[in-house]
Amino acid sequence: MPQLTLFNTLSRNKEAFVPLTPGQVKMYTCGPTVYNYAHIGNLRSYIFPDLLKKLLLQLGYSVQHIINFTDVGHLTSDEDLGDDKVEKAAARLGKSAWEISRFYAEAFQQDLQALNIAFPTRFTYATEYIPQQIALLEQLEAKGLSYTLPDGVYYDTASFADYGQLARLDIEGLNEGARVSAEGKQHKTDFALWKFSPADQQRQMEWESPWGKGFPGWHLECTAMIFAELGQTIDIHTGGTDHIPVHHTNEIAQAEGATGQKFVNYWLHGEFLVLDQERRMGKSEGNFITLQTLLDQGFSARAYRYLALTAHYRHFLTFSEEALKSAQTAYFKLKRLIQKLDASAHQGAEAAEAAYEQMLAALCDDLNAPKALGQIWELVQNKDIGGQPKISVLQRIDQVLSLALFDSADLPENNAAEIPPVVQDLARQRWEAKQARDFARADQLREALAEAGYAVKDAKAGYELVALDSSM
RNA sequence: GGCGACGUAGCCAAGUGGUAAGGCCGGGCUCUGCAAAAGCCUUAUUCGCCGGUUCGAUUCCGGCCGUCGCCUCCA
């Protein structure tokens with residue numbers, strides 16, 4: 001078994017992975033705030049933890065994994081103090097905040113399924129851990145790490161010696177005023193642990209607390225849920241790079257401030273998906289593409305997973321329709337090649353095993369999926385290795401990559417069910433003309449089919465219809 | 001202003017101090033009535049620019065140019 005090495009944001013270095021308890025891994029993945037659909041950039045950040053988890057399983061570890069839902073919104077901006085995204089979405093759609101968060105949480109889970117992302121051991125909902133969050137806040141208060149202002153209870157970051165170490169923050173240089181400004185905040189990095197409900201309005205989501213009616217600060221929930229589900233120290237915590245300077249920095253301050261123990265041994269952060277020319281994709285930017293949009297365009301969700309795996313998780317991935325198209329073409333071609341493997345050819349088993357070890361080694365080197373994919377292509381096209389050893393290796397590596405390499409259901413040729421009868425009729429006529437060697441008529445009918453949006457592909461014993469739009 | 005990342009063929013993208021993975025697209029050929037599919041072959045003397053270290057740098061160091069991210073909820 002190769003040694004698993006992971007790039008740890010704490011040290012900014014690749015480190016050999018050693019779990020707290022031999023053979024067991026506790027990992028936590030920062031989940032979405034459920035006030036809208038996830039976009040494909042968000043989803044990228046759930047693919048690499050999935051890859052990591054499956055690699056750990058393949059290496060023989062047992063894995064306890066939590067993904068949370070932030071189902072209580074937080075501040076939208078400085079101008080909207082007291083308002084939050086979930087409640088805002090609720091107002092816009094005429095639903096309750098609870099309905100909104102449940103709806104988008106379910107939509108998110110459907111996206112995960114479409115992308116072959118395994119569900120975690122548990123999904124946790126922030127609103128189901130309010131007592132734990134209050135208890136954590138009490139702990140912090142007892143240690144003198146918090147102070148109360150008219151609008152909420154704040155964390156006193158100056159009293160936590162290592163504050164900002166994860167992000168290597170230069171606190172003095174932080175953009176003055178860019179952070180949420182609150183009257184009376186003692187230090188610009190101080191953040192809300194509990195916000196009071198505005199006196200003049202009734203929030204849908206608010207709870208009683210020793211400090212007054214209100215709702216928890218954003219950072220508190222993750223820490224409280226980790227403590228409740230996984231313990232005070234965990235192995236791995238994953239999220240997007242944008243969480244390093246604020247969210248994860250604050251989580252560490254809360255957790256280690258409260259317990260005095262190391263919170264997380266390995267912090268892993270995924271880099272953004274970016275749009276060519278157009279900067280990052282963001283929920284707030286309004287320029288986001290959902291998985292459903294891609295499906296509507298005729299793309300396979302797994303082709304997007306394939307695309308995500310062609311880039312290293314710690315690097316930007318430039319997304320464009322062209323890139324996705326080429327990924328889907330490659331992905332379908334790879335599956336067709338695999339379908340045609342001759343399982344009765346057994347030669348080259350040793351070389352195949354060596355290739356498998358190399359793939360595993362690539363993945364163990366900080367999840368180098370692009371390299372492993374390259375090795376898959378080389379294996380599949382290697383003429384000295386028979387179909388059987390190839391299949392054996394591909395099945396095992398696909399348990400980690402989850403590309404459904406042996407499932408041909410999403411290939412265009414297997415999706416002919418919804419072709420209109422008229423078109424099918426034309427195709428049949430063409431086939432008959434062709435059998436009668438009336439090629440002029442056959443070509444005419446081919447053109448007619450093209451106009452109807454379908455291409456005909458002949459095989460020896462019959463033909464297939466492929467919709468031109470979805471044959472990308 | 002502070003912190004940080006990136007710049008490899010038309011596109012996506014690995015990579016190493018010793019002479020550039022893989023995929024897509026393109027081109028050529030085979031096969032096919034045509035077409036598609038499939039198969040075979042081919043596609044960067046070069047890794048943003050300029051210096052330095054070195055026998056040797058795309059890979060290390062310095063400078064410059066360019067692009068981008070975070071510092072406010074965002075993956």
Side-chain angles (χ1 to χ4, degrees), chain A residues 12 29-33 35-36 38-49 70 73-80 84-86 88 164 167-181 188-189 218 238-247 249 269-274 276-277 279-285 288 306-307 309-312 314-320 322-331 333-334 336-337 340 362 368-378 381 413 434 437-440 442-443 446 450 455-460 463-464 466 471:
Chain A
R12 307 290 157 101
T29 295
C30 264
T33 303
Y35 67 95
N36 203 335
H39 61 248
I40 56 176
N42 294 325
L43 292 169
R44 185 184 182 202
S45 290
Y46 301 95
I47 292 175
F48 87 84
T70 299
H74 300 283
L75 304 183
T76 48
S77 73
D78 291 355
E79 293 75 51
D80 282 320
D84 79 51
K85 290 183 169 183
V86 172
K88 232 180 161 181
R168 314 209 162 162
L169 289 186
D170 169 9
I171 292 165
E172 294 312 312
L174 288 175
N175 209 357
E176 196 86 50
R179 289 198 162 212
V180 173
S181 54
K188 58 185 159 187
T189 49
W218 176 41
T238 75
T241 52
D242 54 331
H243 282 155
I244 297 170
V246 178
H247 183 48
T249 289
H269 292 97
E271 192 47 270
F272 283 141
L273 176 93
V274 294
D276 190 34
Q277 306 296 338
R279 302 178 158 209
R280 66 169 291 190
M281 190 177 289
K283 284 187 188 175
S284 306
E285 265 82 339
F288 66 89
Y306 182 97
L307 175 67
L309 295 183
T310 64
H312 190 98
R314 281 194 292 114
H315 291 334
F316 287 105
L317 168 60
T318 310
F319 179 86
S320 65
E322 186 186 3
L324 180 58
K325 218 179 236 186
S326 78
Q328 174 152 296
T329 303
Y331 173 58
K333 183 176 169 187
L334 182 60
R336 290 192 187 105
L337 288 171
K340 290 191 304 187
N368 195 335
K371 193 171 181 181
L373 270 182
Q375 291 165 341
I376 285 179
W377 279 95
E378 285 174 351
Q381 296 177 326
E413 56 266 34
K434 185 190 162 178
R437 305 197 66 81
D438 181 357
F439 296 126
D443 286 346
R446 174 186 285 287
V456 191
K457 297 199 233 171
D458 289 340
K460 275 177 193 140
Y463 58 89
E464 287 169 6
V466 178
S471 63

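Every heavy atom of this structure was used, including side-chain atoms; hydrogens, water molecules and symmetry mates were not. First the proteins, then the strands, lettered A, B, ... as listed; each starts at 1.
Residue contacts shown for A:G270 are absent, as no nucleic acid heavy atom lies under 4.0 Å away. Contacts of A:Q375 with the nucleic acid, taken as non-hydrogen atoms under 4.0 Å apart, are absent. Counting non-hydrogen atoms under 4.0 angstrom, A:H243 reaches the backbone sugars and phosphates but no base. Residue contacts shown for A:D170 are limited to sugar-phosphate atoms, with no base heavy atom under 4.0 Å away.
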Protein-nucleotides 7-9 of chain B N/O pairs closer than 3.5 Å?
none

Strictly under 3.5 Å: I want the nitrogen or oxygen pairs between protein and nucleotides 11-15 of chain B, one per line.
| from | atom 1 | to | atom 2 | distance (Å) |
| --- | --- | --- | --- | --- |
| B:rA13 | OP1 | A:T318 | N | 2.9 |
| B:rA13 | O3' | A:T310 | O | 3.4 |
| B:rA13 | O2' | A:T310 | O | 3.1 |
| B:rA14 | OP1 | A:H312 | N | 2.7 |
| B:rA14 | O3' | A:N368 | ND2 | 3.3 |
| B:rG15 | OP1 | A:N368 | ND2 | 3.1 |

Pairwise N/O distances under 3.5 Å, protein to nucleotides 35-42 of chain B:
| from | atom 1 | to | atom 2 | distance (Å) |
| --- | --- | --- | --- | --- |
| B:rA35 | N1 | A:D458 | N | 3.0 |
| B:rA35 | N3 | A:R446 | NH2 | 3.0 |
| B:rA36 | N1 | A:D458 | O | 3.4 |
| B:rA38 | O3' | A:K340 | NZ | 3.3 |
| B:rC40 | OP1 | A:K383 | NZ | 3.2 |

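Below the 3.5 angstrom threshold, one finds no donor paired with an acceptor across the side chain of A:D242 and the base of B:rG69.
Both distances falling under 3.5 Å, in either a Watson-Crick or a G-U wobble arrangement, place B:rC24 opposite B:rG10. Figure legend. B:rU16 is base-paired to no nucleotide; pairs are counted as Watson-Crick or G-U wobble with both atom distances under 3.5 Å. Base-pair partner of B:rG33: not found among the strands shown (Watson-Crick or G-U wobble, both distances under 3.5 Å). Using the Watson-Crick or G-U wobble rule with both distances under 3.5 Å, B:rU53 pairs with nothing in any strand shown. Under the Watson-Crick or G-U wobble criterion, with both distances below 3.5 Å, B:rU59 is left unpaired in every strand shown. B:rG69 is paired with B:rC3 under the Watson-Crick or G-U wobble criterion, all donor-acceptor distances under 3.5 Å.
For the C1' atom pair drawn from B:rA38 and B:rG7, the interatomic distance equals 38 Å after rounding to whole Å. Taking atom P in both B:rA20 and B:rU42, the straight-line distance is 15 Å, to the nearest Å. Across the C1' atoms, B:rA37 and B:rC47 are found 36 Å apart, a figure rounded to whole Å. Nucleotides B:rC3 and B:rA13 are separated by 27 Å at their C1' atoms, to the nearest Å. With both ends at atom C1', the span from B:rU53 to B:rG63 equals 15 Å, rounded to whole Å. B:rA9 sits 9 Å from B:rU46 when the C1' atoms are compared, rounded to a whole Å. Comparing the P positions of B:rU32 and B:rG23 gives an interatomic distance of 27 Å, to the nearest angstrom. Taking atom P on both nucleotides, B:rG22 is separated from B:rC40 by 14 Å, rounded to a whole Å.
Atom CG of A:N42 sits about 8.5 Å away from atom CZ of A:F288, to the nearest 0.5 Å. Between the NZ atom of A:K434 and the CZ atom of A:F439 there is a distance of 7.0 Å, given to the nearest 0.5 Å.
Listed nucleotides B:rC70, B:rC34, B:rC25 differ in distance to A:F272; the shortest reach to its side chain belongs to B:rC70. Here the nucleotide nearest the side chain of A:A330, chosen from B:rA75, B:rC24, B:rA21, is B:rC24.
For the pair A:E271 and A:L317, the minimum side-chain heavy-atom distance is 4.5 Å or more. Counting heavy atoms from C-beta on, the side chains of A:T70 and A:Y35 never come closer than 4.5 Å.
Under the salt bridge (charged side-chain N to carboxylate O under 4.0 Å, His left out) criterion, A:R336 pairs with A:E413, not counting sequence neighbours. The side-chain contact (heavy atoms from CB on, under 4.5 Å) test applied to A:A167 returns A:L169, A:I244, A:P245, A:T249, not counting sequence neighbours. The side-chain contact (heavy atoms from CB on, under 4.5 Å) search around A:T29 returns A:M27, A:Y46, A:P49, A:H65, A:I67, A:T238, not counting sequence neighbours.
When the nearest nucleotides of RNA chain B are assigned to A:N42 and A:R12 by heavy-atom distance, the more 5′-ward of the two goes with A:R12.
Around the CZ atom of A:R12, the shell of radius 6.0 Å holds more than 12 heavy atoms that belong to other residues, nucleotides or ligands.
A donor-acceptor pair is defined here as one N or O able to donate and one able to accept, closer than 3.5 Å; such a pair exists between the side chain of A:R44 and the backbone of A:F272.
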